[in-house]
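What follows is a short report on a single structure.
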Amino acid sequence: MFPSPPAYFHFFTHLSLLPPPGFSLSNPLFISQPSFSFCVCSMTLFAFSLSLTSIFPRNLFNFLDAFPFLISFPTFIPPLFSHFLFTHIFFHSSLPSVPIPPLFMFLHSFYSSFPSPHHLHIPPITSLFKMVSMASECSWTDPVVELQVWCQLAAFCHNVKDHSLVLCCTGRALQLEEAAVLTLKTMPCVLYGLTAVNEMLSTAACLKGLSLAHESGGNLYTYREAMKVLLTSVSYAEKADSPSLCVTAASHYWNTCLPLIQTPKGRWQLKEPLEKILTALVQINTKHAQKQGKVKGLLTLTTQPLGSYKAKDEDLTLRANIYSLLLQINIDKTNWKSALQLLDKAIRDMSNTRHKLPLLKRRILMKALVGESILLDTQRLQDEGEQCCSSVWHQVALCASNVAQQLTCYQKSITSLLGTETQWQKVSLMLEFGGWLYCHNFPKADAQQQVQWAIDVLLHTEPEPAEEAENDSRKKDLSPVKCESMVGVQDLLFTKDLSDLKEVWRLDCLIQAHTLLAVMADKTSPEHQLNLLRAYSFVLQLWQVSMAVACEIFNAMAKSQPPQPPPSAGSKKGKDMGKNKKMKDLTPVEDKPKPVILDQALPSTPTDWARYSCPDQARQIFRTNSSPYSINTHSIINQTQSLFYLSLLEKELHSLSLDHLILPIMHLAETIAHDLLDRRSLSDLYRLRIVQTCCQLGLETYSPYQEKLLLSENLSTIQEQEQMGCHKVIALSQERRANNQNGDLDQNVGSVQQIIHVWLDKAEVCLSMGLYQPARQLLAEAHLVAVEIGDQKAVARSLLNLATLACEEQNHAQALILLDKAQTLGGDEEFWYQLTLTKVSAVVGQGDHDAQTKVDQVIKQGCWALKVVLEQQTNRVPELTFLITSLEMRGVVECIHAICGGETGATLYTEAVQMLTAACDALRECANSFTKLGYREQAAEAHSASANGLRILAKHTADTDKKQRFLLNGLSQMQLAVTSQEHVVLNAQTLLPPQEESHGLSLAAQRRLLRLRLGLADFCLVILEENLAEEKCQALACQSKTSAEIALEEFTRCTPEPNSTEQEWASVGSTLGQMALEQLAAVDSDSLENMETRARCLSLKGKYFRLMAVHEDPIYLCALWDRQKQKESWFHPKAVSVEEENLEKDKDRESSRKESSMTSARSADLQWRRHKAQKMLVQASKVLAEAINLCFQHTVPVYILADASLNMMECHGQCDPAVAGQYLALFQSCCTVAMIADILNSACADTCMSQLSAQLNLHRKLLLSQEEQPRTMLRGLEDSLSSISKAFSHLTISPNHLNILTELPSNLKILLLQHSEDGSELYGAFYETTSASEDQKGNTTQFTGTLTCSRVAKVSVCPRALLALREQARALGQEIRHALLKKTTTEEKLAPHFREIVQDMEDYLNPLLTQFDFSCLRLPAETVPAPEMTKAKEEEEKVNPGSYVVLLADRKLLELPLESLSILQGEGLSSMSRDFSLQFLHSRLNREGPDKVERDNKKETKGGKGTKGKGDQSQAIKAIPA
C-alpha cells in the first residue's frame, strides 16, 4: 500500500534541499517558514514510524543516514533526535553487534549547539572545527547528503569569519559535483533533481570565492583565483535557473573586481568575464519574465512581495553597472562602434526602468562624440522635463566634435529652459555660452550679447518667495541694506538701486558677467573699466548683504541662548565664603563677561580693508546656514567657478593699476575657499595674495596675515593632509608601474591636479615676494607629484618656476637646462611669455661674449610662438599683441645694456651707434603700440627706456648738432613717459574714497610716476648743464673782448632757422629750469613718507640751484676752481666783498665819459647777477645739506648721497677748501661703497657656496623690487648680514663721516684723487695738519692740530687717455706674471715700459697735482741757522721726524703705480700707503685700535736719533696696508 521506505527518504531529502523562501548569501543559513518546517517534520516522523514497523533495520539506518538533511529545520531537530536516539538504543539492545555510527556522534555535537529548540545558535569556532572533523570522519552513502552538510557547515563558518574552515568545507563540497550528478542519474526514483545540486554548488563556490578574496592579502594571483571561483558560482546559478543566486554571485563578483577597474589594462582583463555574467543575468531574467507572464492571469488577486521588487532593482542596478564598465572598456580602446552597439543593447534590455535614462544620455553623448545624429534620441527626453533636456544638450555641447554642433547644442540648451524656476541655470549657461563664443573667435558683439542677456535676466527677475515659513519671517525682519559706493563711481552704476539686489547667487552671477564683459572689451574702451568697477561694486554689495544676515542670525542665536541658572541656596553658602575675599578685588566689568558682538559695518577704505579679517562668528554662520542672502554653499553653488572669476577680476584691476580695489575681492575669495570649499591650502594662497597686495600699497604692517608669513606654520607651507594624499597617489602609481600596469590614474587625479596648481600659484607669489625657500619646497613637491600623475601642464609650470628660482639665485646654467625641458612640453601664451623672459635673464646672466645674439634668437622664438597663438585666437589680438610687444621691448633694452656695458671712456664704434639708434627707434615704436593698446604704464616704461638710450647716444657723440638732437628727442620721450603715467595715476586717484587720507597708503603707480618725474628733472638738468657749458664758454670769450666787439658779434650772429635743432635747443633751454623745478615740486609734495624719493628730490633740487647760479654768473662759478681768477675776483660765496665793489667803482671813474654809462650798467648788472648767484649757492648748500642729513639718518641708496656730496663740493670749490675736502672725501667713500658692493656680489654670485652668498643675493633682489617685498624681511636680512659679514658692514656710509678727519692721527698727510662718475673730471684734495696761524687765515673754523683739507682742485680729463693708461698697466702686469712663472729676469726689458707708464701717468695727473703745494713732503734746504733756531728745529724733528702719506684714489687710478709719482720721491717722506677711501682708512685704523697708534707715536718721539726714529715710523701707520 505504501511505497518502500527509501523512496520516502529520498523524497524528504529532495524536499530539504530546496532553498526556503528568503534565502540569500547575505544570510546563507537555510531558515524556513514555520508552516514549511512543520510540514517537513510531520512527514519525516511519519516516515520514521514506518521504518520502525519494517522488519529491515537497514532501512532504519538508511533513514538515519539521511537525517542530516533535516538539520536545516532547527524547530524539529529535538523530536527527531529523540526518536533517533530511542530507536538506536532499542536496536542496540536487541542487536548489540550493531556499533554506534560516527554519524550519531556528529549529530550529538550538532544538536548540543542548540540550547533552545526555538533559537538557532551558531556554534563557536572550536565546535565548528570539531564538527568539520567529525563530518570528515563520517561515511556518507549519499553524495547529495554530504554536499548539503558541507554547504551548511561552510555557511556556519562564513558567518563566524573562519575563512580557512570555509575553504575546507567548500573544497569538499565542490569535489562532490560529479558524484552527486551520478547519484541523481542512478537513483531508481528521483524526487529531487539537478537544480538543487547546482544551487548548493553555486552557494559553495560563492563562499569559497569570498574567502579566497579575503585571504589573498594583496596577492594578485590569489585574488584573481577568487574571481574565477565567483564566476563559476554564477555559472552554477545559471544552471540552477535561480535568479536570486545568480544576482548574488554576480554582485559579489562585481564588488570584488572594483579595485581592478582603475586602469585600462585592468578593465580590459575583466571584459570577457563581465560579458558572461551579463549574458547569464539577461537570459535567466528573460526566462523568469516569460514564466511570470504565463501565470499572470492566474494571480490576479495576489501581489508580489516587497522583497521581489527590491531584488529586481538590485538586478537592474547590477546590470547597469556592468554595462557602464563594458562601455568604458570600449571607450578605452576607442571602439566607438562597439560602444554604440553595447548601448543599444543595454537600452533594449533595460527599457521601462529608471536605469534607461542614464544609458540614453550616454548614447546621446557618444553619438555626439563620433558625429552621428542625436535628434531621435533627444526627442525621447522631452517627457523628462526641461532641466533634463537642457542638461543633456549642455553635455553634448561640451563633448561635440565640431564647432557647429557645439553652437547648436548651446542654443538648444538655453532655449530649453522656459520656467522661472530654472533662471539660475539659464544665466549660468548664457555666461558660459558667451565665453565660448569669445574663445572660438565668433564676433565679439555676439558674445557680448549673450552676457548682456544674462545681465538683463539677473536684473529684472524678481526673487522667488521662500518655501519655508522661517525664511519668510526672516525676510520680513530684514531691513533694506544700503550699499555705499566705496570707489567713487556712483554715477557709473545702473539706474537700478543696488540695495534691491540681495540674493547672493544673483550678485555672484553679476560679478561673473561684468568681469566677462570687461575681458571682452578692449582696454582703450571705457566699457572695460566701467564693467570692472560694476563687478567690484557687486562684490561690496555681496559683502554687505552677507554680513547683514550673519549679524541678524548671530543676534538671534545670542538671544535664544538660555541664561545661566542662579546657583542654589546651599551652593551659595559654600561659595560665598570663598568669594567674599575676592569681591573686593573684582571690578564691575569683571563680574559679567563681555558679550561677543558681530559688527555689521564693513571697511570703507583700503587701509581698513588691509586690517580686515572675516570674523570667526560670521565664518561659522557662512558654513552652516542656507539663507539665499548670505554666503554659503546653497547661494554660491559653483564655488570654483566663482573663485576663477574673482581671480580674473583681480588680475584685470591690477593691469589698470587699481590695486587699492583688490583687497575686498581677495577677502571674498579667501572666505569662499576657507569656509565653503574647506581647502586650507587654497585659503592660504589668497591670504598670501592679500599680504602681497598690502606690500604693494605700503600697508604690509596692517595685514593680520603678515605675522603668519615668516612663522614655521606659515601661509606658504604645504598642508600635511594634502601632501599625504598626493603621496598616496604616487605610491599607487609606482606600484602599478612595478606590476606593468601602465595607465592613467582615473580616481582622485582631478583633486590632485587642483592641489598641484594651488602649490604652483603659491610658489609664484613666494617668488615675487622673495620667499625663495618656501617657493623651492612648493615647486619640488609640485614637480614630483605632477610627473608621477602625468600632468604635463603642471610639469611645465613647475620647471618654468624652478628655472625662475635658479635665475634669482644666479644659477643660470641650471635655469637654461630647466627651461629647455619646459620648452619641450609647451603651454599657453602666458607660459611662452614667461619662458622667454626667464630665458633672456638666464642668457644675460651667463655673460657670454655672444649673449646678445642668443637673446635675439630667444626673443624671436618667443614672438613666433605667440604669433602662432594669435592666428588661432583673433578675439585676443590686443592681449597677444601686448605680449609680443613686451618681448620685443625686452630684447631692445638688453641690446642697449650690452652696448653700454663697456669700460668708462670707451668709444662706441659706428656699428654700435647704429644699433643704439635703431634700439631707441624700436623703443619709441613699442611705446606707441602700448599706447594704442591701452597699456599706458608699459608705454611710459618704453618712453623712459628710449630716453635713456638717447642720453647714452648724446654722451658718445662729438657732433654738437647731433648731440643736441639726441638730447631733445630724449627730453620729449621723458615728457611722454610722465604724461602717460600721469593718466594712470589720475585714474587711480579718482577712484580712491574721499575719506582715504595719505596715511600709509602708497599706490604703486604713483611711486612709478615719482620716479619718472625725478628722471625727467634729471634729464632737464643734464640738458641745462650742456646749455650752461656753452654759456660759460661764451662768457669766458666775452671777458677778453671789448664792448664794441661784443656788440658787433651779436649784430652779425645768424638767427636760427625755424624748426631747426638750434632754434629748438635755444627755446627749450629757456624753460628747462622751470620744467625741472615743477617736477621736483610735484615730487616733493607726494614723497613725504618715502625717504629715498625725498632725498633724491632734494639732491636734484640742490643741483638745480647750483646750475641756476652758473646761469646767473658763469665767471663767478669758474672762479671757484681757478686760482688766477680768484686773485682777480675773490669773495666769499655768501656775500659780495666790499673790496670788489670799490674796485668796480675805481674802474668806472677811470673810464671815459662815453663808456662810463655802459660800463656802470654792465657793472651793476654783473654785481646783481653775482649777488643772485650767491643766493643760489647758499640755497643749494642748504638743500644739499638737508639731503645729506636725510641720507645719513635713513637707509638710502648710496648714489643719492654721492650726487649730493659732489654738488655740495661744487658749491664751495677752492674758496672753502676745508668744507669742499670733506664732501669730496664723502663722495669718494660713496663711490668705494658702490665698488665694494659690486665686487662682493661678483665674488658671492654662486648662492650654493655659502650662507653669505645666498643672503647677499636675496638682499640685492629685495632692494631691486621693494614694492612687493615685506620691509620687515629686508630689515631682518640686513641685520643677519651685518652679523655674519664684516664686508657687508662696509656697504653703508657712517653718519659720522664728516668728523672722521678729527679722529685720524695728526701726523698723517692724505692725498685724495677721485674721478667723476663719467670720468670727465678729476678731483684732488690734500689733507694735512693745520696750525694756529693757518686757522686764523682760513674762512672756516677748524680745530688746531687736526687734519683738514688745505687745498682742493679740479681738472677736465680725457676718459680715453685714462683707459689707454690702464691698458698699458695691465699689459705690464701680465708680462711681469709671465716672467715670474718662467723664473726669468726681465728687469732690463720691463724697465723702459714701466718708465713709459710712469711718464704717461705724470702727464695725466700733472694738471691737477701742480695746483697743490707739496713742500711739506720735502726736507727744508740746509742753511746756517741761529742757535735758537737750531734748537727749535731739533725739537721739531724729534716730534715729527718725517711725513706719512696716504694715497686715497679711485679704483681706476689704483691700477697705476701711483707710488712712483715724482712728488712722492722726496727725502722728507717716511712712508706711504694707499687705500680706497677715507672711511676705509678710518676703519682700518680703528681695527688696530687708536690707543696702539698713539703709543707707537709716543715711542717714536722718544726714539733719540733721527735714523732710528725714521726706521720705526712704520709703526705709526701699521694698520694701513700698502
request  = Salt-bridge test for Lys523 and Glu652: reply yes if a basic N is under 4.0 Å from a carboxylate O, no otherwise.
outcome  = yes

key: Ser657 OG to Leu1009 CG distance, which is reported to the nearest 0.5 Å   = 11.0 Å

query = Taking it one step at a time, do Lys867 and Glu871 satisfy salt bridge (Lys or Arg N to Asp or Glu O under 4.0 Å)?
reply = CA-CA 6 Å; Lys867 288 177 181 177; Glu871 294 175 356; over 6 Å; no

task = Assign the ring pair Tyr935 / Phe882 to parallel, tilted or perpendicular, where the plane angle (0 to 90°) is split at 30° and 60°.
result = parallel

message = Under the rule for ring-ring contact (aromatic ring centres under 6.0 Å, His included), what residues qualify as partners of Phe1227, not counting sequence neighbours?
response = none

request  = Determine the minimum heavy-atom distance between Ser980 and Ala940, stating which atoms define it.
outcome  = OG-N, 3.9 Å

Test item: Ser929 side-chain N/O and Glu925 main-chain N/O as donor-acceptor pair under 3.5 Å = no

ask   = Should Glu894 and Arg890 count as an ion pair when the cut-off is N to O under 4.0 Å?
value = yes

request  = State the SG-CD1 distance between Cys1191 and Ile1200, to the nearest 0.5 angstrom.
outcome  = 6.0 Å

note = Scanning both residues in full, the closest heavy-atom pair of Thr1292 with Val1233 reads N-CG1, 4.3 Å

query = Can you name the residues that form a salt bridge (charged side-chain N to carboxylate O under 4.0 Å, His left out) with Glu1321, not counting sequence neighbours?
reply = none

ask   = Passes side-chain contact (heavy atoms from CB on, under 4.5 Å), Leu760 versus Leu778? Steps please.
value = CA-CA 7 Å; Leu760 292 173; Leu778 288 164; over 6 Å; no

Ser798 side-chain N/O to Ala794 backbone N/O, donor-acceptor pair under 3.5 Å = yes

key: Main-chain N/O of Leu800 paired with Thr804 side-chain donor or acceptor, under 3.5 Å   = yes

ask   = Under 3.5 Å, is there a donor-acceptor pair linking the side chains of Gln861 and Gln857?
value = no

key: Considering all heavy atoms, the nearest Ala939-Ala927 contact   = CB-O, 3.6 Å

remark   = Rounded to the nearest 0.5 angstrom, the CG-OG1 distance for Leu818 and Thr838 is 11.0 Å

query = What residues form a side-chain hydrogen bond (donor to acceptor under 3.5 Å, both in side chains) with Thr957, not counting sequence neighbours?
reply = none

query = Is the number of heavy atoms from other residues, nucleotides or ligands within 6.0 Å of OH (Tyr772) greater than 12?
reply = yes

Arg797: salt bridge (charged side-chain N to carboxylate O under 4.0 Å, His left out) partners, not counting sequence neighbours = Asp761, Glu764

query = Is the backbone of Leu1014 close enough, under 3.5 Å, to the side chain of Gln1079 for a donor and an acceptor to pair up by distance?
reply = no

key: Flag, side chain of Thr917 to backbone of Val913, donor-acceptor distance under 3.5 Å   = yes

task = Would you give the length of the straight line joining atom CD of Gln814 to atom CG of Leu805, rounded to the nearest 0.5 angstrom?
result = 8.5 Å

inquiry  = Please check if the number of heavy atoms outside Glu941 that lie under 6.0 Å from its CD is greater than 12.
reply    = no

inquiry  = Atom NE2 of residue position His983 - does it have more than 12 heavy atoms of other residues, nucleotides or ligands inside 6.0 Å?
reply    = no

inquiry  = Measuring only between side-chain heavy atoms, which start at C-beta, is Asp659 closer than 4.5 Å to Leu1003?
reply    = no

key: Asp850 side-chain N/O to Thr853 backbone N/O, donor-acceptor pair under 3.5 Å   = no

inquiry  = When you measure from the side chain of Asp828 to the backbone of Phe831, do you find a donor-acceptor pair of N or O atoms at a distance under 3.5 Å?
reply    = yes

query = Does a sphere of radius 6.0 Å around CZ in Arg965 hold more than 12 heavy atoms from other residues, nucleotides or ligands, not counting ones at 6.0 Å or beyond?
reply = yes

ask   = Hey, does Leu1012 have a side-chain heavy atom less than 4.5 Å from the side chain of Leu1016?
value = no

ask   = When rounded to the nearest 0.5 angstrom, what is the spacing between CG in Leu802 and SG in Cys807?
value = 11.5 Å

request  = Kindly indicate, with the supporting measurements, whether the criterion side-chain contact (heavy atoms from CB on, under 4.5 Å) is fulfilled by Arg951 and Lys955.
outcome  = CA-CA 6 Å; Arg951 183 174 177 176; Lys955 182 180 177 180; 5.9 Å; no

Distance-only side-chain donor-acceptor flag, Ser768 / Gln692, under 3.5 Å = yes

ask   = Going by heavy atoms in the side chains, are Thr931 and Leu976 under 4.5 Å from each other?
value = no

key: Test salt bridge (charged side-chain N to carboxylate O under 4.0 Å, His left out) applied to Asp522 - qualifying residues, sequence neighbours left out   = Lys444

task = Taking the side chain as every heavy atom from C-beta outward, state whether Asn987 and Leu658 have any pair of such atoms under 4.5 Å apart.
result = yes

key: Student check: side-chain heavy atoms of Asp921 and Arg924 closer than 4.5 Å   = yes

key: Interatomic distance, Cys895 atom SG to Leu916 atom CG [nearest 0.5 angstrom]   = 7.5 Å

message = Could you check whether Glu1092 pairs with Arg1011 (Lys NZ or Arg NE/NH1/NH2 to Asp/Glu carboxylate O, under 4.0 Å)?
response = no

ask   = Any luck finding a side-chain donor-acceptor pair between Arg936 and Thr979 under 3.5 Å?
value = no

request  = Sequence neighbours left out, what passes salt bridge (charged side-chain N to carboxylate O under 4.0 Å, His left out) with Lys793? Give chain and number order.
outcome  = none

query = Under 3.5 Å, side chain of Arg1007 to main-chain N/O of Gln696, donor-acceptor pair present?
reply = yes

query = If every non-hydrogen atom of Ser944 is compared with every non-hydrogen atom of Ala977, which pair is closest and at what distance?
reply = N-CB, 3.9 Å

request  = Given side chain to side chain donor-acceptor pair (under 3.5 Å), test Gln938 with Ser886 step by step and report yes or no.
outcome  = CA-CA 8 Å; Gln938 289 74 14; Ser886 299; over 6 Å; no

request  = Identify the two heavy atoms, one from Val1357 and one from Gly1319, that lie closest to each other, and give their separation to 0.1 Å.
outcome  = CG2-O, 3.4 Å

ask   = Between the main-chain N or O of Lys1103 and the side-chain N or O of Asn1207, is there a donor-acceptor pair closer than 3.5 Å?
value = no

query = Taking the side chain as C-beta and beyond, is there a heavy-atom pair between Leu933 and Thr524 under 4.5 Å?
reply = no

task = I would like to know whether Val868 and Gln872 meet side-chain contact (heavy atoms from CB on, under 4.5 Å); could you show each step before the answer?
result = CA-CA 7 Å; Val868 171; Gln872 300 172 354; 4.0 Å; yes

request  = Could you please spell out the steps behind the side-chain contact (heavy atoms from CB on, under 4.5 Å) verdict for Gln973 and Leu923?
outcome  = CA-CA 10 Å; Gln973 289 296 306; Leu923 286 172; over 6 Å; no

request  = Looking only at non-hydrogen atoms, find the nearest pair between Leu656 and His528 and report the distance.
outcome  = CD1-CD2, 3.8 Å

message = Test your reading of the model: is there a side-chain donor-acceptor pair from Thr836 to the backbone of Trp832, 3.5 Å cut-off?
response = yes

query = Under 4.5 Å between any side-chain heavy atoms of Leu816 and Lys839, yes or no?
reply = yes

message = With heavy-atom distances below 4.5 Å as the criterion, would you say the side chains of Lys821 and Val795 are in contact?
response = no

query = Looking only at side chains, do Arg1094 and Asn1090 share a donor and an acceptor under 3.5 Å apart?
reply = no

